[in-house]
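Since the structure comes first, as structure tokens, the remarks are kept for the end.
Chain A is the first sequence line, chain B the second, and so forth, proteins listed ahead of strands; every chain is numbered from 1. Because only heavy atoms are used, hydrogens play no part in the values below, and waters and symmetry mates are left out as well, while side chains stay in.
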Amino acid sequence: MRHIISILIENESGALSRVAGLFSARGYNIESLTVAPTEDPSLSRMTILTSGSDEVLEQITKQLNKLVDVVKVVDLSEAAHVERELMLIKVRATGKDREEMKRMADIFRGRIIDVTESTYVIELTGSSSKLDSFIAALDAGLILETVRTGVCGIGRGDRILKV
Amino acid sequence: MMISGAEIVIRCLQEEKVDCVFGYPGGSVLHIYDALFKQDQVKHILVRHEQAAVHAADAYSRSSQKVGVALVTSGPGVTNTVTGIATAYCDSIPMVVLTGQVPTQYIGQDAFQECDTVGITRPCVKHNFLVKDVKDLAVTIKKAFHIAATGRPGPVVVDIPKDITAQMCEFEYPKAVQMRSYNPVVKGHLGQIKKAVQLLQEAKRPIIYTGGGVILSDAADKLTQLARKLNFPVTNTLMGLGGYPATDRQCVGMLGMHGTFEANMAMHYADVVLAIGARFDDRVIGNPEHFSEEKRRVIHIDIDPSSISKRVKVDVPIVGNVADVLDEILKLMDGGFTAEPEVADWWKQIDEWRGRDSLRYRQSEHIMPQFVVEKLYEVTGGDAFVTSDVGQHQMFAAQYYKFDKPRRWINSGGLGTMGVGLPYGMGVLMANPDAQVACVTGEGSIQMCIQELSTCKQYGLPIKIINLNNGMLGMVRQWQEMFYSKRYSQSYVTSLPDFVKLAESYGHVGMRIEKPEDVEPALRKAFTEHKNDLVFMDFIIDPAANVFPMVAAGKGLTEMILAEDL
């Protein structure tokens, strides 16, 4: 099962390696991991996309809570939430492909944020599956480079992760 | 008044009432050693290898209610401590390890004796710190002691760069620490506790299964009260020995891979298991699928939520400090909940299993290792602190020395570290100066930290070393005999030293005992005439002796191999 774990953690050096080390030491999956300071710079918010059985997920949240630097852990996928991922994709844009690329970016509500004679950089935000679909929709030979942030997510409505 | 970082370290130790530190000096900790020199409140024990410093600090904790402290230098000083830290971590032993680090401006430049201490120790500590500012030093050390000793205890490393120990700062030791990210649970959930009491009342075939958590939480008396009140059988894990008096009728002995027949059968066929501070590990329940074939309801009290439902599904989880939760249970049982379950039939069954006498061993013209431990028990009146290493001798000590008190059995249960026995003895004696201490070991294990004979001489630590010498790595040999068609690959120890001469060369007393009739007199002599000496007793034992009962790896608890089967 796919799960999105959100973690509030003390913004201290080494905090990331404690979390990453826990996952590798116990054999848990990390499909993506994103981290940045919150509005309170002493705290970082980390989002981990992982997968596993209910038992494994229970262990993951328990083990994360055990880390001394971790303030709070929540499994976002347990209830209503929104999730987004951002991708920057550099494509070849020459000849008839130049117009086609622009159209595709429009269809997926992407934005072209860098233009050269032969390339575009398209910025695309959405669910991970939307980003996957965009990649699938393009001619693979025209994709020069992609970079994705990994999933970040937030609970809907009154579901708030805060100290 | 401004004092140096090094002096702050020592003042912190004094504030924590640390009376002794195990350590080894080196470049990065010279300022700290200088500050240590200028005072006499904190004693320093100079070991011969950093690994032993950490083992000794670990045993200091295990055998008392205090936090052990080790102090080592950067680089190799730190890497040598890793085995000891991991050993303490696996058994949840509170400990603070202070490590020197190269000066701040050199970190990351591959300086002499530099290593990434925080990185190397991270997977085997409860937490670790790198101090980057002298102003944080005192509060970091305070946090280290707090984290080590609270919640599920464990080792904490504080890495201190050399320049920090030279800088001057005002010293103020915080009275308490507040950490928003660390607030371990103490009290158990009352609703869950009520459910547990209800379940205990309904039990027909109950068992109380206890581990190291009972010892760590100093809850042995409460456990005994509860068990007596309920008239339930009690089994201990290797780490839990002494949590309930082994000589009591209700004690069915240790369970698990080398547990008694009655303990394993009772655990497997129980309808209600009350697990207290134990974690259903692979050496305890064997194959989890086999274990789950039998229907039972499990109550699990543990301070660490991640230990609950990790390997065995739990029906009534109670997260909390064992002593506090047992208090609540006892209170509930006094007020209205009169638990007097009908367990007479169950006891009849258990006594029948007990009648198999699964710890009976064959007689031999050679010295049997079990016999040595039995005699050790008699000679010490069952009141010694027994440290051990890892292997057959460890199991013999666990099976045949009947521990009636907690914190008397000092061994590496989780990590299974060979070489701990002798430094453990040192730590026990520093915490309990007048105690009788026996180190039950083998010729393989003892050689892993043998250099500490020198430390023992320097500080006059009269450990009685019971070397069960079969010239073999006994447990490896036993597995090779049973599961590898007697291909004894690398389990035969040749070129052994003359242990008597070796002991004597360090200024200790050495004895070599080869006949069964000499066992008891030798032990008596060691514990009376040589009360104040370290005595190395080299017992030449039957090389074919094996540990039984045995649940082979991957087998179920009831699939024991008994000595009588062979």
Item to check | More than 12 heavy atoms from other groups under 6.0 Å of CD on Glu117(A) | outcome: no

Checklist outcome for this item: Closest heavy-atom pair, Val71(A) versus Ser181(B), reported as atoms and distance to 0.1 Å, is CG2-CB, 3.7 Å

Checklist entry - For Pro305(B), is it the side chain, the backbone, both, or neither that has a heavy atom closer than 4.5 Å to a heavy atom of chain A? => result both

Item to check | Heavy-atom neighbours of Lys142(B) NZ exceed 12 at 6.0 Å | outcome: yes

Checklist outcome for this item: If one checks every heavy atom of Asp304(B) against chain A at 4.5 Å, the contacting part turns out to be side chain

Next on the checklist: With rounding to the nearest 0.5 angstrom, report the NE2 to CG distance, His127(B) to Asp69(A).
Outcome noted: 4.0 Å

Checklist entry - Are any of the side-chain heavy atoms of Glu10(A) and Arg180(B) separated by less than 4.5 Å? => result yes

Checklist entry - Contact part of Leu130(B) toward chain A, heavy-atom cut-off under 4.5 Å: side chain, backbone, both or neither? => result neither

Next on the checklist: I'd like to know whether CZ of Arg159(A) has more than 12 heavy-atom contacts from other residues, nucleotides or ligands below 6.0 angstrom.
Outcome noted: yes

Checklist entry - Taking it one step at a time, do Lys66(A) and Arg152(B) satisfy side-chain contact (heavy atoms from CB on, under 4.5 Å)? => result CA-CA 9 Å; Lys66(A) 232 166 98 175; Arg152(B) 180 176 179 175; 3.8 Å; yes

Item to check | Neighbours of chain B found in residues 11-31 of chain A - heavy atoms under 4.5 Å | outcome: Ser13(A), Ser17(A), Arg18(A), Gly21(A)

Next on the checklist: Could you check whether atom NZ of Lys90(A) has more than 12 heavy atoms from other residues, nucleotides or ligands sitting under 6.0 Å from it?
Outcome noted: no

Next on the checklist: I need the contact set between residues 33-63 of chain A and chain B: heavy-atom distance under 4.5 Å, sorted by residue number.
Outcome noted: Asp40(A), Ser42(A), Leu43(A), Glu58(A), Gln59(A), Lys62(A), Gln63(A)

Item to check | Heavy atoms from other residues, nucleotides or ligands near NZ of Lys130(A) exceed 12 (cutoff 6.0 Å) | outcome: yes

Checklist entry - Heavy-atom distance under 4.5 Å to chain B: side chain of Val70(A), backbone, both or neither? => result backbone

Checklist entry - Which region of Arg122(B), side chain (C-beta onward) or backbone (N, CA, C, O), has a non-hydrogen atom less than 4.5 Å from a non-hydrogen atom of chain A, or is it both or neither? => result side chain

Checklist entry - More than 12 foreign heavy atoms under 6.0 Å from CZ of Arg92(A): is that the case here? => result no

Checklist entry - For His189(B), does the NE2 atom have more than 12 heavy-atom neighbours from other residues, nucleotides or ligands under 6.0 Å away? => result no

Checklist entry - Where does Lys313(B) contact chain A at under 4.5 Å (heavy atoms): side chain, backbone, both or neither? => result neither

